[in-house]
Amino acid sequence: MPATDPAVLSMGEPLLEFNAAAEGTLENAAAFHVGFGGDTSNMAIAARRSGASTGYVTRVGDDAFGQALAELWHREGVDTTHVVTEPGGATGIYFITRHGDGKHAFTYRRAGSPASRLSPPDVPGEAVAAARLLHISGITQAIGPSACDAAFHAMEIARAHSTLVSYDPNHRPALWPAARARAIVMRSAELADIVLPNLQEGRLLTGASEPADVLAAFAARGPAIVALKMGADGVLLGEGGRTTHVPAHRVVPTDATGAGDTFDGAFAARLLDGDSPLEAARYAVVAAALTTTGHGAVGPIPDREAVLRAAAGGPPG
Ligand SMILES: Nc1ncnc2c1ncn2[C@@H]1O[C@H](COP(=O)(O)OP(=O)(O)O)[C@@H](O)[C@H]1O
Ligand SMILES: [Mg+2]
């Protein structure tokens, strides 16, 4: 056990990332940069780099990919007390290729991963009860039925112990059918204190089109805070009956992978440190923007000093 329980606990699937070094198709790629991904792991690292004590809950294999992830969390100071290593398990991986139009293509090998076998007994009840914030995503629920059960179990424990529930739908159409996603995401919004959708998935999941209407559809489920992420248009923040637009921090983006996850982690860290939701969102849009200026998900996640420097208009350092 860690000396003290982490304030932030995130649960889901981590992935090793292979990012093609040059533009082109997968079969023509000559070299890859190895990195890290998995939305909830990204969130945990973003929260940690912004100053929160953080732990991660998952299952990995005892393969080289799982070991690399364990070393990452160790380096970052993310607590791994509740990471289970599965003998013979094949940790999930994904490939990123970039094409001429600036678009990225993602190719996953994750079906049957150890994380997809997360189940309610993997949920550390005492740590969830002791944490100040639990983070779950739609991907945590989409990767397998027992993982979905684990997510609901964790959220119920959190609610029973006044641990804030932070929830990002992160809808991935390849992982589950839209009707199931809609039902599970909207139910999860009822269990959450903070809901963090992006505009595209928000439209698909609620059927609304205008950002304010998408936000209202999530808010109607009861969370105290909804932060609707709108890419270069920033964030629409709904809280206490008010809706406030938080403009994006201006950058020249090269790769938006992980921007939403970084927003989630930075937002959580600042809220727990006493910021108002609006102050936390103003900080988190800067953190999220900075992650779009480098390749891959985890590498470019900024630490607190880099965010504050950029927010003050200074150079990226
Ligand atoms: N091109 C961009 N310029 C500045 N900030 C950006 C840009 N793209 C994303 N962001 C920031 O990252 C946040 C999350 O990105 P978004 O693309 O909306 O979500 P997701 O990564 O979940 O798809 C945005 O709300 C915004 O604050
Ligand atoms: Mg997202």
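Residues: numbered from 1 along the sequence shown.
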What's the verdict on side-chain hydrogen bond (donor to acceptor under 3.5 Å, both in side chains) for Ser137 and Asn170, showing C-alpha distance, side-chain angles and the deciding distance?
CA-CA 6 Å; Ser137 85; Asn170 261 345; 4.8 Å; no
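- Met230 and Leu290 are not part of a single hydrophobic cluster, where members link through side-chain heavy atoms under 4.5 Å apart.
- For the pair Thr97 (side chain) and Ala20 (backbone), a donor-acceptor distance under 3.5 Å is absent.
- In this structure, Ile45 CD1 and Thr40 OG1 are separated by 10.0 Å, a value rounded to the nearest 0.5 Å.
- Pairing each heavy atom of Glu17 with each of Gly296, the nearest pair is OE2-CA, 3.3 Å.
- Within the 4.5 Å cutoff, no side-chain heavy atoms of Thr291 are placed close to those of Asn42.
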So Leu236 and Thr243, side chain to side chain contact (heavy atoms under 4.5 Å, CB included) or not? Walk me through it.
CA-CA 7 Å; Leu236 202 58; Thr243 301; 3.6 Å; yes
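- With respect to the salt-bridge test (charged N to carboxylate O, under 4.0 angstrom), the residues Asp264 and Lys229 qualify.
- At distances below 3.5 Å, not a single donor-acceptor pair connects side-chain atoms of Asp255 with backbone N or O atoms of Thr292.
- Ser10 and His135 are not linked by any side-chain donor-acceptor pair at a separation below 3.5 angstrom, with hydrogens and angles left out of the test.
- Counted within 6.0 Å of CZ on Arg203, heavy atoms from surrounding residues, nucleotides or ligands total more than 12; the atom is thus considered enclosed.
- In this structure, Arg304 and Arg270 have side chains that are in contact, with non-hydrogen atoms separated by less than 4.5 Å.
- For the atom pair CG of Asn19 and CZ of Phe32, the computed distance is 9.0 Å after rounding to the nearest 0.5 Å.
- Phe263 and Val185 are members of different hydrophobic clusters when ILVMFWY side chains are connected at heavy-atom separations under 4.5 Å.
- Remark: side-chain polar atoms of Glu76 are not paired, donor with acceptor, to backbone N or O of Arg48 under 3.5 angstrom.
- A donor-acceptor distance shorter than 3.5 angstrom exists from the side chain of Arg98 to the backbone of Ala21, with no hydrogens or angles considered.
- For the pair Ile194/Pro223, no side-chain contact is recorded, criterion being any heavy-atom separation below 4.5 Å from C-beta on.
- The main-chain N or O of Gly112 is found under 3.5 Å from a side-chain atom of Arg117 such that the two form a donor-acceptor pair.
- With hydrogens and angles disregarded, no donor-acceptor distance shorter than 3.5 Å links the side chain of Ser113 to the backbone of Thr91.
- Considering all non-hydrogen atoms of both residues, Pro124 and Leu9 come closest at CG-CD1, 4.4 Å.
- Formation of a donor-acceptor pair under 3.5 Å by the Tyr56 side chain with backbone atoms of Gly12 is found in this model.
- The two residues Gly274 and Glu279 make their nearest non-hydrogen contact at O-OE1, 4.5 Å.
- Taking every heavy atom of both residues into account, Gly37 and Ser41 meet most closely at O-CB, 4.0 Å.
- Under the 4.5 Å side-chain criterion, counting only non-hydrogen atoms from C-beta, Tyr167 is not in contact with Pro197.
- Here the side chains of Phe18 and His33 are not in contact, with every heavy-atom distance at 4.5 Å or above.
- Ile184 places a side-chain heavy atom less than 4.5 Å from the side chain of Ser188.
- Note: the hydrophobic cluster containing Val34 also contains Leu72 (ILVMFWY, side chain heavy atoms under 4.5 Å, direct or indirect links).
- Here the CG atom belonging to Leu164 is positioned 7.5 Å from the CD1 atom belonging to Ile225, to the nearest 0.5 angstrom.
- Interatomic distance, Ile139 CD1 to Arg110 CZ, rounded to the nearest 0.5 Å: 5.5 Å.
- Between the side chain of Arg49 and the backbone N or O of Ile301, at least one donor-acceptor pair lies under 3.5 Å.
- His245 places a side-chain N or O within 3.5 Å of a backbone atom of Asp233 that can act as its donor or acceptor partner.
- Taking the six-membered ring where tryptophan is involved, the planes of Tyr108 and Tyr94 are essentially parallel, since the angle between them stays under 30° and well short of 60°.
- Every residue was checked against the side-chain hydrogen bond (donor to acceptor under 3.5 Å, both in side chains) condition with Ser116, not counting sequence neighbours, and none meets it.
- Trp73 and Pro14 get closest at one heavy-atom pair: CZ2-CB, 3.5 Å.
- In this structure, the separation between OG on Ser166 and CZ on Phe267 is 8.5 Å, given to the nearest 0.5 Å.
- Side-chain contact check for Leu191 versus Arg159: some heavy-atom pair is nearer than 4.5 Å.
- A continuous path of hydrophobic side-chain contacts links Leu118 to Ile136 [ILVMFWY only; heavy atoms under 4.5 Å].
- Judged by distance alone, with hydrogens and angles left aside, the side-chain atoms of Thr163 form a donor-acceptor pair with the main-chain N or O of Val128 at under 3.5 Å.
- The two residues His82 and Ala127 come nearest to each other via the heavy atoms NE2-CB, 3.6 Å.
- Side-chain contact between Asp168 and Asp39: absent, with no pair of heavy atoms (C-beta onward) separated by less than 4.5 Å.
- Here the straight-line distance linking atom CG of Leu69 with atom CD of Glu13 works out to 10.0 Å at 0.5 Å rounding.
- One hydrophobic cluster holds both Leu196 and Val285 under the rule that ILVMFWY side chains link at heavy-atom gaps under 4.5 Å.
- Surrounding CD of Gln200 are at most 12 heavy atoms belonging to other residues, nucleotides or ligands under 6.0 Å away.
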